[in-house]
Amino acid sequence: MDNSFTTRSRNKFWFVFFFLFVSWYLLLYGIDWSSLHGIVTTSRYEVNSIESFHPTSIPPPPPHVDVSSNFNSTSFDNATNETRSKEEESLSNENDNVVVPDLEELQKELEPFLRKIEPPKEEKKVEKKIEKKDDNRGGKCAGRYIYVAEIPSKFNEIMLKECKLLNKWEDMCQYLVNMGLGPDLGNPQRIFSNKGWYTTNQFSLEVLFHNRMKQYDCLTNDSSEASAVFVPYYSGFDVARYLWDDFNTSMRDAGAIEVAKFLKEKPEWETMWGRDHFMIAGRITWDLRRGIEEDAAWGNKLMLLPEAKNMTILTIESSPWNRNDFAIPYPTYFHPSSDSDVVQWQNRMRGLRRKVLFSFAGAPRPQLEDSIRSEIMEQCSATRRKCKLLECKDLHNKCNKPVHVMRLFQSSIFCLQPSGDSFTRRSTFDSILAGCIPVFFTPGSAYVQYIWHLPKDYTKYSVLIPEDDVRKKKVSIENVLSKIPKSQVAAMREEVIKLIPNVVYADPRSRLETVKDAFDLAVKGVLGRVDVIRKEMRQGKNSSMVFDEEYSWKYHTFGTLEKHEWDNFFLRTNKEKY
């Protein structure tokens, strides 16, 4: 009884189990659930052999993979074959009933292979070129590229080989060593630093500037890419060979005319018709601005050539009455090779005790009727306790010895800088280098000259005593300087010391890291000027090149032609003596 009951119950159990199994199977595999909206299938498909898995379409890549740029069909086939081989290897080690992932999991498995797929070599090259071009446009050299014009070597290198002919009165060969810095000064009397000091000639700026340009970090061989074109013509050395003796105007003008003609025929000239070209003239502007065709007249006519009038010419002294030349500092004796050289010298100048109120290093100019040098020297001699005088009498005087000049200026609070044969003096920059506050007697000596290197507010670093007041004995230099408060004197001296980097040219054989020297500021000034002219040309304007040249000093310094308190300093009557 019990056995029959047990047997019947067991049969019913297997019948129910069999019925439920069949129902579950039909529900799972007999109905297409994907056709029903709102229901997502998450089951796995069973297969009995490897051959049963052959995808008929390529599954879409993950959202972050760019199919068009990151892989092509060949690359994908390789990745698919690699994936398939791995699947086959794993499936062969398992039982026949192998579980295969659905499409979503297949995408996840393919993702690492898709990431490894690289673009073809040609595409990679194009991408690199575009990237480099973009870097050029927006990098540190944007708007700073300079192309160095290729001119015949007789206008630079050959001149240096024939250096004995560059100056009638002095052998210039000695000053051309060390890339134009001159002989090493050393520091025998501890007036200088232990390094960076040289016997630099005041007329060797062309060589020094050219060698600095060779180290410029944004040079280009493509003139169409350049913002400016540098012309390495040693115009000062060229004219210096013919300033003395009986050389006619044709001889003095020949080099300048040939260079102008050569530049005009080059394709880069047509870009802005020379308005993006610039060159260095290591002499004062009056040596290159002869206005009449007489053999007895001084200098050549480089500055007056039509081509030169379109260019920017950098000189150690510019003309206040002409628009195409701009003054940059005379070379000093100090040429630092690192930022620390500059900082150490500045700190040394801050720590000096200065016992002399004012000093003057120079000689009288008796042949110049309006010169105030004799009056200045008289006033200095009359106040021996407060003024020191270093008189320059001949070529063998102490003024030609850097150690004597720098010792004098380092002991002085103020250094007098009257005009000499022309408006400007190298002594101005020697005094700034020594931390000595310069005293000028006309704004033509610095304020309207070195507009890229000195502050517009001249009262911060200098004193201006009108030369007419000195000439007419209306003023005592000692009284004017003694009345300046000590606190103001200290502030002015600090400003002068801060200006030291602006007026020195770094050693061309090295490169300063953060300090901007006279070369850097000159290049920045040129690029800024050319950029303004270029924008005006695009707009059909020409205001930077067309204005009354008589007021160039006013336009370049203040950007206006309005009446100014300095007008009386630049009257045409004063122009004639130069």
Side-chain angles (χ1 to χ4, degrees), residues 148 150-186 197-214 231-260 262 279-290 295-303 313-317 330-333 335 363 392-403 405 420-422 426 505 507-509:
V148 179
E150 297 180 1
I151 64 174
S153 59
K154 67 178 181 179
F155 295 117
N156 42 51
E157 294 179 4
I158 292 180
M159 287 187 192
L160 302 185
K161 294 178 181 179
E162 300 174 348
C163 52
K164 291 185 178 297
L165 304 176
L166 296 179
N167 192 313
K168 176 182 178 180
W169 312 106
E170 194 171 16
D171 182 5
M172 289 295 294
C173 297
Q174 60 180 317
Y175 298 113
L176 300 180
V177 300
N178 294 317
M179 301 189 78
L181 302 182
D184 193 329
L185 273 173
W197 290 79
Y198 300 86
T199 309
T200 307
N201 188 276
Q202 66 176 339
F203 297 126
S204 63
L205 182 57
E206 292 154 352
V207 180
L208 178 55
F209 198 97
H210 187 193
N211 286 327
R212 278 299 311 277
M213 182 60 72
K214 293 175 182 178
V231 181
Y233 168 41
Y234 297 169
S235 56
F237 281 162
D238 187 9
V239 70
R241 297 179 293 183
Y242 310 113
L243 286 176
W244 295 274
D245 295 331
D246 298 326
F247 293 105
N248 58 32
T249 57
S250 298
M251 179 68 73
R252 281 177 271 161
D253 295 341
I257 293 174
E258 185 176 348
V259 169
F262 180 85
M279 69 169 66
I280 305 298
R283 299 192 68 89
I284 61 176
T285 188
W286 318 112
D287 294 340
L288 308 161
R289 196 175 286 281
R290 189 192 72 248
D295 290 343
W298 183 261
N300 69 13
K301 61 178 182 181
L302 168 65
M303 297 282 192
I313 302 179
L314 307 181
T315 62
I316 54 178
E317 176 179 324
Y330 285 73
T332 65
Y333 303 112
H335 304 282
C392 310
K393 295 181 179 180
D394 52 51
L395 290 177
H396 302 288
N397 61 59
K398 291 183 177 180
C399 291
N400 289 331
K401 306 290 184 181
V403 64
V405 175
D421 296 326
S422 63
R426 174 185 181 156
Y505 295 90
D507 192 326
R509 296 165 294 188

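Reckoned from all heavy atoms, side chains included, excluding hydrogens, waters and symmetry mates. If you read the sequence from its start, that first residue is 1, and numbering goes on from there.
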Going from [atom1] on [X] to [atom2] on [Y], what distance comes out if it is rounded to the nearest 0.5 angstrom?
| X | Y | atom1 | atom2 | answer |
| --- | --- | --- | --- | --- |
| Arg241 | Phe237 | CZ | CZ | 10.5 Å |
| Tyr333 | Thr199 | OH | OG1 | 8.0 Å |
| Leu166 | Ser204 | CG | OG | 11.0 Å |
| Trp169 | Leu243 | CH2 | CG | 11.0 Å |
| Leu181 | Leu208 | CG | CG | 6.0 Å |
| Thr315 | Leu288 | OG1 | CG | 8.0 Å |

Inspect the contact between Asp238 and Arg252 and indicate whether a charged nitrogen and a carboxylate oxygen are less than 4.0 angstrom apart.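 Not counted as a salt bridge, because no side-chain N and carboxylate O are separated by less than 4.0 Å.
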Tell me the salt bridge (charged side-chain N to carboxylate O under 4.0 Å, His left out) pairs involving residues 202-213, sequence neighbours left out?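 Only Arg212-Asp517, Arg212-Asp520 qualify under salt bridge (charged side-chain N to carboxylate O under 4.0 Å, His left out).
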Enumerate the residue pairs fulfilling salt bridge (charged side-chain N to carboxylate O under 4.0 Å, His left out) with a member in residues 169-186, sequence neighbours excluded, ordered by first and then second residue.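 Pairs touching residues 169-186 that pass the test: Lys164-Asp171.
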Please report the shortest heavy-atom distance between Phe155 and Gly255, naming the atom on each side.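 Closest approach of Phe155 to Gly255: CE2-O, 3.8 Å.
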Steps toward salt bridge (Lys or Arg N to Asp or Glu O under 4.0 Å) verdict (Glu162, Lys154): CA-CA 10 Å; Glu162 300 174 348; Lys154 67 178 181 179; over 6 Å; no
Apply side-chain contact (heavy atoms from CB on, under 4.5 Å) to residues Val207 and His210 and explain how you reach the verdict. CA-CA 5 Å; Val207 180; His210 187 193; 5.8 Å; no
Are any side-chain N or O atoms of Asn156 and backbone N or O atoms of Tyr234, one a donor and one an acceptor, separated by less than 3.5 Å?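 The answer is no, because no donor-acceptor pair under 3.5 Å joins these two groups.
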Using modelled atom types and a 3.5 Å cut-off, is there a donor and acceptor pairing between side-chain atoms of Asn300 and backbone atoms of Leu302?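 Yes: the side chain of Asn300 pairs with the backbone of Leu302.
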Answer yes or no for Arg426 and Tyr330: cation-pi contact, defined as NZ/CZ to six-membered ring centre under 6.0 Å and angle to ring axis within 45°.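 Negative - Arg426 is either too far from the ring of Tyr330 or too far off its axis.
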Using distance alone, with no hydrogens and no angle criterion, decide if Ser422 and Glu317 have a side-chain donor and acceptor under 3.5 Å apart.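 Ser422 vs Glu317: donor-acceptor pair found between side chains.
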I'd like to know if the side chain of Asn178 pairs up with that of Tyr198 as donor and acceptor (distance under 3.5 Å, no hydrogens or angles considered).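 Not at all, the side chains of Asn178 and Tyr198 share no donor-acceptor pair under 3.5 Å.
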